[in-house]
Structure formats: C-alpha cells, structure tokens
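Hydrogens, waters and symmetry mates play no part in the numbers below; they use all other heavy atoms, side chains included. These numbers come from a predicted model, not from an experiment. Letters A, B, ... are given to chains in the order of the sequence lines, protein chains preceding strands, and every chain is numbered from 1.
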Amino acid sequence: MTRITLPRRALGAAALATLARPAFAQATPIRIGELNSYSRMAAFAVPYRNAMQLAQDAVNAAGGVMGGRPMELVFRDDGSTPGDAVRVAEELLTRENVAFLAGTFLSNVGLAVADFANQRKRLFLATEPLTDAITMAQGNRYTFRVRPGTYMQTKMLIEAIRGKTAKRWAIVAPNYEYGQSAAANFKRMLGDAIPGAEIVAEQFPALGRVDAGATVGALAQSRPDGIFNVLFGPDLTAFVREGNTRGLFERRTVVSLLTGEPEYLIPLGDETPEGWIVTGYAPDQIDAPPAHKAFIEAYKARFNDTPRLGSLLGYVTVQIIANLLNKANTLETEALVNALAGLATDTIVGGVSMRALDHQGTLGTWVGETTLSRGKGTMKNARYADGANYMFSETEVRAARPPA
Amino acid sequence: MEWSFLLVQALSGLASASSLFVIASGLTIVFGVTRIVNFAHGSFYMLGAYLAVTIVPWLLEFDRSPTLFFVGVLASALVVGLLGVAMEMLLLRRIYRVPELFQLLATFGVVLIVQDLVQLAWGPMDIPGPRAPGLRHGVTILDQRFPAYELFLIVVGPAVLALLWLLMHRTRFGVLIRAATQDREMVGALGVNQAMLFTGTLFLGAALAGLGGALQIPRISANAHMDLSVITEAFVVTVIGGMGSVPGAFIAALLIGLLQAFGVLIFPKITLVLVFLLMAAVLVVKPWGLLGRPEAAAGRAVLPEGILDPGRMDWAGKVLAVVALAVMLALPLIDAYAVKVGTEVLIFALAAVSLNFLVGNGGIVSFGHAAYFGLGAYGAGLLVVKAGLPMEPALIAAPIAGGLAAALFGFFVVRLSGIYLAMLTMAFAQIAYAVVFQWVEVTGGDNGLVGVWPSHWAASREVYHYLTAVLTLAAIVFLRRVIHAPFGATLRAARDSAQRADAIGIDVRMHRWLGFTLAGAAAGLAGGLYAFSKGSIDPTLLGIPMSVDFLSMILLGGIQSVLGPVAGAAAFHSLKDFFLPLTDHWRLLLGLSIIAMVLVFPRGLAGAFASLRRRPA
Amino acid sequence: MTLLAVEGLTKRFGGVLAAKSVSFALDEGEMLAIIGPNGAGKSTTFNMVGGQLRPDGGSVMLAGKDVTGLPSRALCRMGVGRTFQVAQTFLSFSVLGNVQMALLAHHGQTRQLLSDAAVMHRDAALALLDRVGMAAQAGRPIGELAYGDVKRVELAIALAAAPRLLLMDEPTAGMAPSERTALMALVAGIARAERIGVLFTEHDMDAVFAHADRILVLVRGEIIARGSPEEVRADPEVQRVYLGHSGTRAAGRARRPVHG
C-alpha cells in the first residue's frame, strides 16, 4: 500500500481505517447479507466480492454510515440453486440479523430471492442477474436491480448498429432465458435500427455444450450479413475459434452481448476477433473519471489483478448501499425501500439512480469494439453508455409490471 | 441445400462423434470390467484439458512443432491415467464389495472434490489452450472452409478404436478385460490378479478420458464446468452402445454426432433433449443398448442389497423415532432458521423414503427421482400461479402430478432392470427437465415461476413447519406400512427373484409399475411441499444434482432400512447446510464427507446403528 | 384323465433345432421324466411347457385348455407349480415368509397396501412347510438353509398355489445323494396322494428310474423312446445313444429299493 501512484485519497483512507477501528468498537455494525455463487461462478463472483470488500473498507475508513456506524457485508454462497439461495437468505435474515439482502448472479436464483423478499417484506438489492423479469413482469416493491439488464444492453448494441447496411442477420444464443430473451429483444428492435433488416437464421445451442462446428456451419449456410451473438464463457471461446478458422466472421458485422467484459474477453486470448461491437468493460482503455481511476488502481494494488466488470458492479453497489443507509438513517424496511426508490448516488462511474418506476438502476456499461492488443483481447473506441438512456419506456413498464 | 454444405456439416458431426467416442470408450471399458458407473470420468476429462493447457504451451516454448503438441497431449493423458490409478488404489479398491450404488456415490464425491481442486490449482477463469501447430488453418472442401484440426479429430476416433481392438485381441491384458467384461467371476476363477486388472483398467479408462480432454484444447478453453457437461453425454453414448461394448460406443457416438450436426438445422431449439430422446427410444426398443448383452441374472446365493425382512421396530428404534419426532416438533423453540431447515429435512425425508421404497424395497434403482419431486412441485406451483388456486388443492395436485408422470415413464422403465433401468430413469428425468426448461410460456423456462406461497393461515414458518410435519410423517408412515403390507412384500419378492415371483403368479411388471407410480406420487407430494416452502419453482428441482442428492440421502441413511433414509436426509441436509456458509470450497468438504461416509459406514447410518447395537457391551 | 397334452412342440435358436415336434401326455397323479444327454432340448421343452419360452410351433393343452405361449404367471393361476434347476426363492425372506408370499400371490392379495403381510396365511404356510418337513425351520432366513432344504421349501412354495401340475427342472441338481432320494420320495408321495401330475427332467438316473411312472428320452430335440422305466431301460437304441453301460447299471440298481 505504499506505491506512489496510489491516489492520496486511498492512502488517507487506509490510514484512517487503522485509526478508525477503535471508534467502531462501541457502534454496532450494520450488517447486510450478500449472497452469490462464489463457488460455482467464482470467475465472476470473486472479483465482485473483492471490490465489495474494497468499497466497504473505504466507506468504513471514511467514517462508516448512519453517523459513524461501520457497515459489514456478510457474504454467503447461494449454492447456485433457487432452493439453496432462499434458505441462505432466510439464514441471513434470521440468524445473522442482516438489515437487508443483496447479490445473486443467476437469474432464476435472483428471481426466487426477489419473490422471497417480497413475501417476507424485506429489501433485496439484486446486483448481477440480467433477466428483465426481475424489474418487469416479476418485479415487486422490495426488489431493486443495479446492473443493466438484457433489454438495456441489447438496446445499447442496437443503437451502435443503427444505420448499418447489413440486412440479413443470424442469431446465436444459449438455449435458456437470457439467450432467448436477448434474441427476442434483438429481433424486436432490429427493424427499427436497420429498416428492412431480416433474421435469416437462429441457433440455440445448449448452455455450456455448444457443438461449435455444427453451429458455425448452420450459421454460415444462411449467408448472413450480420451476426448477433449471445454466447459467453466456454461456449463463446469454442464458437470464436471455430468461426475464425472457417471464416464465419469475415466481412460480416458481428454484435455480441457482454463479450467486452474482461470475464469473457480474457479467456479469448489471441483468438479475440477484430471489430466485434460489444458491451463490456476495459478498465485500461476507457477514459475514466478520477474516482474510477482511483478504484482501478486501488483494486490492482490490493488484489494484484485488474478489476472485472463484476468488480465495478460490486464497488458501485456498496456505494449505493452506503448512500441509502445515510439517506434513510434507519434499518426499517419500508423506510429503506422508500429511500431507495429514486435514490441518486454519485458513484465511481458517475451518477446512478434507482428509478422509482421499475426499481432499475441507471448504471450503464461500455460499448466498443473488440481488438487484439499484444496477444490479449481488449476494447477500443469504448464509450460509456449511460443506462438512463436505455431503460424500458414508462408505458412498457406499466404494462408489464404488476401493480404495486 | 447444397451438397457441399451437407458434406461439411457431416464432417462437423464426425469430428464431434470422434471426440465423444474417445471419452466414452474409457467409460464403457471401466464399467465393463469393474461394473462401476464412474461419475468421475468427466473429472478426468476436465483434468486432461487443464493439464494440457498447462503442459502444451510450456512444451511449445521450446519449439512450435506439431510433435511437441502431441507429446504434450499424450503426456496429459498419461498423467490423468495415473490419477485414475490413484483413485483406484486409494478409493475404489476399498469399495468393490460395497453395494454398486455406494460406488457411484463415492465417484460423485470425487467429482465434487476435483471441481474445487481444479479451481484451487488453476483459478476460476477459463483457460484457452494453444492451437495445434500445423493444424491451425482451414481446409477448403468444395468451396466450404473446414478446420484442419477437426479433420484430424475425425481420424482419431477410428484410430483409437483400432488401437483398442488390437489391445483387446493381441495382449493378455486386453483378453482379460474382455473376459472380465463378459464374466467377472470367471476372471476370479482363473486366478488372475484382480487388483492389477482393475488398476490397469482404471489407468486405461482415465487416460482415454484425459486424452479426450487434452485433444479438445485447440477447440474449447479448459473450464470448471466441462466435467458435468461431458459426463451425461458420455453416459448416453455408453448406454446406447451397450455398456461395456467399445464398438457399440463407437456406433452410438457416430449416431449422436450426426444427429446433433443435422438436428440443429431442423430443430435449432431442441438441442437440450435430442440425445436423451434418442437414448430413451433406443432403450425402449433395445433394452441392452445396440451391442450390449443382457446382464446375467443374479448369482444364486447373493443376498439382495436393500430392505431385508422389515420386521418390527424394536425398543431402541422406537426411542429414536420418538426423540426425532420430539426434536422436529420442538424446533420453533430454537429459532426461525432451525424451523426452516427442519421443514426442508422433513420434505427431503419423504422424498428419500419414497426413493428407497423403489431402490431398497423394489430393487428399482432410479437415477431420476427428482423428476417426480420436481413435477409435483410444478403441478402445485402451476395451479397457484397460473390457475390462481390456493395451496390446499395445489397440495392435492402435487402427488397426482408426480404419480401421473411416474406412471407414464414407469410404463417403459419397468421393462428394464439394473443399470439400464437406472439410465432410462435418468433419460426420462432429463427429458422432463428439458420440457420444463424450454416450455417457457407455461413453466417460465429456466427462470421458473415465483409466487408459490402457502395460504394465509399457513404463511408463518412455524405453521407451515407443522403442516409439513403432519403431511410428510403421514406419508412416511403410510409408505412404511405399505412396505410391511403384501404389496411391499411382493416388490421385495420380485426384487429377490423375478423368476420365482412370476412362477407363483405375480405380474412382476405390473407390480413394479404400480410401485413406481406410488413412489412418484409420494415424491410429488414432497415436491409440492418444497415449492410452498420456497415460494418458487424452477428446473433445478428436476435436475441430476437433485436426484444425486436423494440417492446420497438414502445411501447415507442405509438402503436396507425402512426409516434409515429419514436419518440420511437429516444428516445430508444438515451437512450441506453446515458447509455452505463456511467456505467457498464447500463442494470439496461435501465430497470428502461423502467419501468418508462410504468408507466408514458402507451400510449407511442405519447399518452402523444396527451393528453398534449388536456389539456386546 | 389327461392333464397335460403336448403336441408337436418345436423351437429353433438361429439355425439350431432345439426341439423338434415333441409330443407327449401326462395324467393326473402321474410322474413323467424327461431324460437325455446335455443339450438334448430337455430344458427347452420344459421351458416351453412352463411358459418361459414361446414355442415356434405346436401346442400345450392343460386339462383341455390351450395354454400355448401363456406366461408363467398365467399358468400358475391355472394350477401349474414350478421348481427351478437352481432353486429360486426370495432370499431376503424367512422360510415361512417365502411360503406366505406364495400364498398371498395365490389368493390375489399382492396389491393390498395396508394389511400386515407377516401375519397373513401363517397357519397355512406352516402346514405346507410341515408337509415338506421344514416346519421346524420356519423362522430362519432361507439363505441360511442347506441347499437340499431350500429345494424342499421351493417345493412348498410351488404347492402353495394348489397346483394340478408340477414342473420340476432337475429337482435334485446340486444336492447330496442322500438328500436326493428323500426329496424324490417326498415329491412322489405328495403327487400320488393329491393326484398332482409331475413333469420333471433329471440327470440322476437313480432318481428317474426309482420314481418315474413313465420316461421320455430326448436326443437332439427329438423323442427317441418313451415308456415305462422297464421299457426304456430295455430299449437298445436308448442304451446305445444315451444310457451306455453305467446308465444301464444305474437303471437296474434303481429299481431294487422300491420293488425289492
């Protein structure tokens, strides 16, 4: 922690942390239950947790919340199934006496915990699940979501290809809700961005079991001008390699969800395709505001690794939580919910507010193009797409969301 | 469609088939000789890939030559083979005499351990491997470009088949493998060193899995989920081909590879279920697989594994039952969370008892019991969410849904026996899983459905706990009664000797079918209760991990005991609940505990309890 | 009265003719033995009569009813009891439980869900065990019994269905010589007392010639001789093809204990 490049604020915070600890001895910590798939989705959840700890230490070093009380995140593995997660949530609420719940990665787990929170009338701040249902058809009074959902990210990509000439589009998506709903969103919005565009092929390989050769062959056969990809993780690597060898991506516009996130870009290595239009996060390439830069540096210094998108999300989440606690100044659920609706927080990526209408955060993400730089994949021409510009319209929300 | 495209698509299918065969051949050889259904085979595949992405780049540092690439691949396979030897010597060798199901559970413990160890050793990120030097490019075939490496893979399968054929027919080791596959006792009679044979077989099997994994590194990155994604497909291949038959596995792999390559053209969304539909169809028509042979009837004096004479409950059992009941009812005195866990234990206890009604009492080993649990949950949940009915009628519908599904699947299942029966139950469970997963409009797909909460009067944790207690205990007492009744005795009789049962006038299939349906209905009730305890339903309720959990519970409790599975459910669920919050590496701890249990209590908790009491004071 | 009439039974496995137009009849209370060298088609014929194998041709009539190709369980309900070459019992049951199970099946009570199987048909089962001399062992697990005793229990199981016809595939296989004589005497006694027809195959010539009323000699799927033990013993063809010298001596020896 003595590197000169470290911003002064962080240094100060570190010093404060040691000094401030005794002062907290009297004040009872405010506990928040954070459940996530730390075991099964470690590649995502661990950098996320790291950043949360970083943020928590920063908050506490700066004097804590609600007038000097430390905040304490209680981390739990959610077992990666809704059944386990609901039990863990119950444990956090009843045994650990947490003020409210946060976290979850998988959409079905997030939805189950959201409904559980609704039933128990406790606040749940969903962080990573992408499903639109969590703020729309299955949204409820007690559930909020931080990360931009499937619809928002797809819309960001749609905006990025507005006016392009590619007319014939093929879709490849993993065969589950996230993939299907991204594909459906893309189909719905494509005509608006490129008049006269049509979908000529759709492939839905099983999640984690893509038969890359067969899938690439089927896509190539439809002779598309553009490809919308929703595959990620090992499926993406296999798909990209097969596609590269067979020339699937040559002279074609490819748009791809999440592929710019380091979680997915790093494993592509030197196979990273050139010029895919993607959503993601490239901490070293973006023009970040100072607070964001400080976060990146502090993360690198503490964990000897570059932050992932999950890290950014974790940090922003803790900032929102700290702001919420200070604003509400109580742990009473209804007051917390009321305070969080519409709450605007100044985060490391700028202002993020939790829209009162659908409880969706306006956190955005970066849209850019993939490129290969020194044998590693990264994003170029990345610009921050503020989530506020890509939310569901008010009419759509009112139609989908059950009345409160 | 042009011919060139169809040709290239067929080549893609052949490349996948070839890769699949290399993996499945190892699984089928190990099964043939040891009769162990080795879940850890997928872990060996994964280890092969991880080792290769470590060894091969290191070798390529010296010289980017194809030779070094393949040296690295083979070295990875050999190391995995040695790991197979380690597993045989440290674990399997100790459990050849315990019931087959226990061996299966032990290998599943290995799966959990390897998953965590791999993450500890290599980190959680996917690791891309290097492409094969000299085979990086695409080859143009009739104006279509096709990866050269996949052309190479197409050759690997037949080459491995030929080498295995030579091994089986030209070496003493191979001849022994064939002999053991055909008749295990004969090998013992020949005075062959069985331990050496088994160790060698595990080396061969694991090395083939490792080779399969290592060969994949130019195509897919090494990742922590590749073990389970490959093992189900490898199972399907071995079952379709006939367990123990290497040529059968080859044909089955070809079928599946081509089916998938062309299947995605016609049904792009049916990828989840295609292979399982094929497997179910093959087993219904050819119960022993394409080239398999019927399992020999049980030896003359082998006592069946399962419930023996159920007998009366003795005083110790009664005391234990009363204490357990008292604890269950007193849980609200501890805290709200204890109530929650207690409710789940009761539900799992019913599911486990219903499974043991099949496994222990009927000798019908179901690998897919979660299907009926899950469909019961969906039956109840859909009524609440879609039809707006309250909890009470939904809880009546749950056993009906579970029972109907069991009656439908059971009609085909009871035609088979042994491991093929188990595999067919797994196939049906996967089909049910796929239907629930994909029928988004009705089931909500993988997101599931939320809002499955109890009626107002039962909304509190405590009231719901007592409601669950009443229903599950009534169902468990009922199943226990049935085990003591003529129907239960008839299932036991048919398990002991189907031939004798037939000769005294019992319609064995009919009784098994009724038993399967009854167990499915009981599991369905458990599923319905589970749905209301969680407030949501989703496809994981029907998944293989859930079925494995149920099997673990009955094995841990003791399949030879009527109420042992209750203890097993309590122990297993508490164990999981204990480890889950403790550490990210709860799977490692769970796996180690499972193996420890198999080694320490090979007859389950009930067996340990019984032998403890038999020991003179 | 004719109990069992078998007409032209034929079975082929691939290219091999295992049974070639086998015909015979069996009366009530009669003991009919099928003998022949290994692979002669005894078990094939037997299994076609017993419902384990479906014949390619021919018919099986039981008391005037066509039962060709009916499964074993249906035959049982029509009064056919059966024992196996390797005794088939319910290994996890007690001796008594085995017989009780057979009685439950006989009374069509196997689908009862709530009654207590352990107390049902106890007395009747004990009576059956008494008839085969096994009542004293009723409470023991059947797995603990000597093989000869298991065979006796199997007989009691077969008798539980009150059969008119008993099919016994090598009833004395695997038994000690002293046990064999006793078992066959027991079977013969019961058969004659209750007018049960017994069809059995047997390798032990002592047992055959001592207890069979009539004998069929099967070679390569065909009946080459039939008749009373004396007639069969005297048949030069049988002597040449099957019995040989040792067999003839056994046949001669076997008659003595009964008549002498």
- Does the pair A:Asp115/B:Lys534 count as a salt bridge with the N-to-O cut at 4.0 Å?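 No, this pair does not count.
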
- Item | Carboxylate-amine/guanidinium proximity below 4.0 Å for A:Glu90 and B:Arg461 |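 The answer is yes: the pair qualifies as a salt bridge.
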
Grab the two heavy atoms, one from [X] and one from [Y], that are nearest each other, plus how far apart they are.
{"X": "A:Asn175", "Y": "B:Phe437", "answer": "O-CE2, 3.1 Å"}
{"X": "B:Gln9", "Y": "A:Gly213", "answer": "OE1-O, 4.5 Å"}
{"X": "B:Val450", "Y": "A:Leu111", "answer": "CG1-O, 3.6 Å"}
{"X": "B:Ile220", "Y": "A:Ala238", "answer": "CG2-CB, 3.3 Å"}
{"X": "A:Gln221", "Y": "B:Phe5", "answer": "OE1-CG, 3.0 Å"}

Identify which part of [X] has an atom lying under 4.5 Å from any heavy atom of chain A, answering side chain, backbone, both or neither.
{"X": "B:Glu344", "answer": "side chain"}
{"X": "B:Ser19", "answer": "neither"}
{"X": "B:Tyr530", "answer": "side chain"}
{"X": "B:Ile127", "answer": "neither"}
{"X": "B:Asn223", "answer": "side chain"}
{"X": "B:Arg587", "answer": "side chain"}
{"X": "B:Ser221", "answer": "both"}
{"X": "B:Ala224", "answer": "neither"}
{"X": "B:Ala338", "answer": "both"}
{"X": "B:Ile217", "answer": "backbone"}
{"X": "B:Asp335", "answer": "side chain"}

Does [X] use its side chain to pair, donor to acceptor, with the backbone of [Y] at less than 3.5 Å?
{"X": "A:Gln203", "Y": "B:Val264", "answer": "yes"}
{"X": "B:Arg131", "Y": "A:Arg241", "answer": "yes"}
{"X": "A:Asn108", "Y": "B:Gly448", "answer": "no"}
{"X": "A:Ser39", "Y": "B:Asp584", "answer": "yes"}
{"X": "B:Gln260", "Y": "A:Ala214", "answer": "no"}

I'd like to verify something: which residue of [options] has the highest number of heavy-atom pairs under 4.5 Å with chain A?
{"options": "B:Gly13, B:Ala15, B:Pro147", "value": "B:Pro147"}
{"options": "B:Ser536, B:Pro218, B:Gly535", "value": "B:Pro218"}
{"options": "B:Gln115, B:Lys576, B:Glu150", "value": "B:Glu150"}

Determine whether [X] and [Y] make a side-chain contact, defined as any pair of heavy atoms from C-beta on separated by less than 4.5 Å.
{"X": "A:Tyr176", "Y": "B:Gln438", "result": "no"}
{"X": "A:Arg246", "Y": "B:Val8", "result": "yes"}
{"X": "A:Phe204", "Y": "B:Phe267", "result": "no"}

- Do other residues, nucleotides or ligands put more than 12 heavy atoms under 6.0 Å from A:Asn304 CG?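 Check fails, neighbour count at 12 or below.
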
Counting heavy-atom pairs closer than 4.5 Å to chain B, which one of [options] comes out on top?
{"options": "A:Asp78, A:Val86, A:Val46, A:Leu268", "result": "A:Val86"}
{"options": "A:Leu93, A:Leu92, A:Val240, A:Thr131", "result": "A:Thr131"}
{"options": "A:Pro267, A:Gly269, A:Gly208, A:Ala42", "result": "A:Pro267"}
{"options": "A:Glu91, A:Glu202, A:Arg76, A:Gln180", "result": "A:Glu91"}

- Task: Give, for atom CZ of A:Phe44 and atom CE of B:Met125, the distance between the pair rounded to the nearest 0.5 Å.
- Result: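 So the gap between those two atoms works out to 8.0 Å.
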
- Option passing side-chain contact (heavy atoms from CB on, under 4.5 Å) with A:Arg209 (candidates B:His225, B:Met226, B:Glu233):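 In the set B:His225, B:Met226, B:Glu233, the residue that makes a side-chain contact (heavy atoms from CB on, under 4.5 Å) with A:Arg209 is B:Glu233.
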
- Would you tell me whether B:Arg145 and A:Thr245 have side-chain atoms, one donor and one acceptor, within less than 3.5 Å of each other?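 B:Arg145 vs A:Thr245: no donor-acceptor pair found between side chains.
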
- Check: A:Asp211/B:Ser16 side-chain N/O donor and acceptor closer than 3.5 Å: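 The criterion, which ignores hydrogens and geometry beyond distance, is satisfied for B:Ser16 and A:Asp211.
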
- Message: Is A:Glu271 close to chain B through its backbone or its side chain, or both, or neither, when contacts mean heavy atoms under 4.5 Å?
- Response: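 It is the side chain, since no backbone atom gets that close.
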
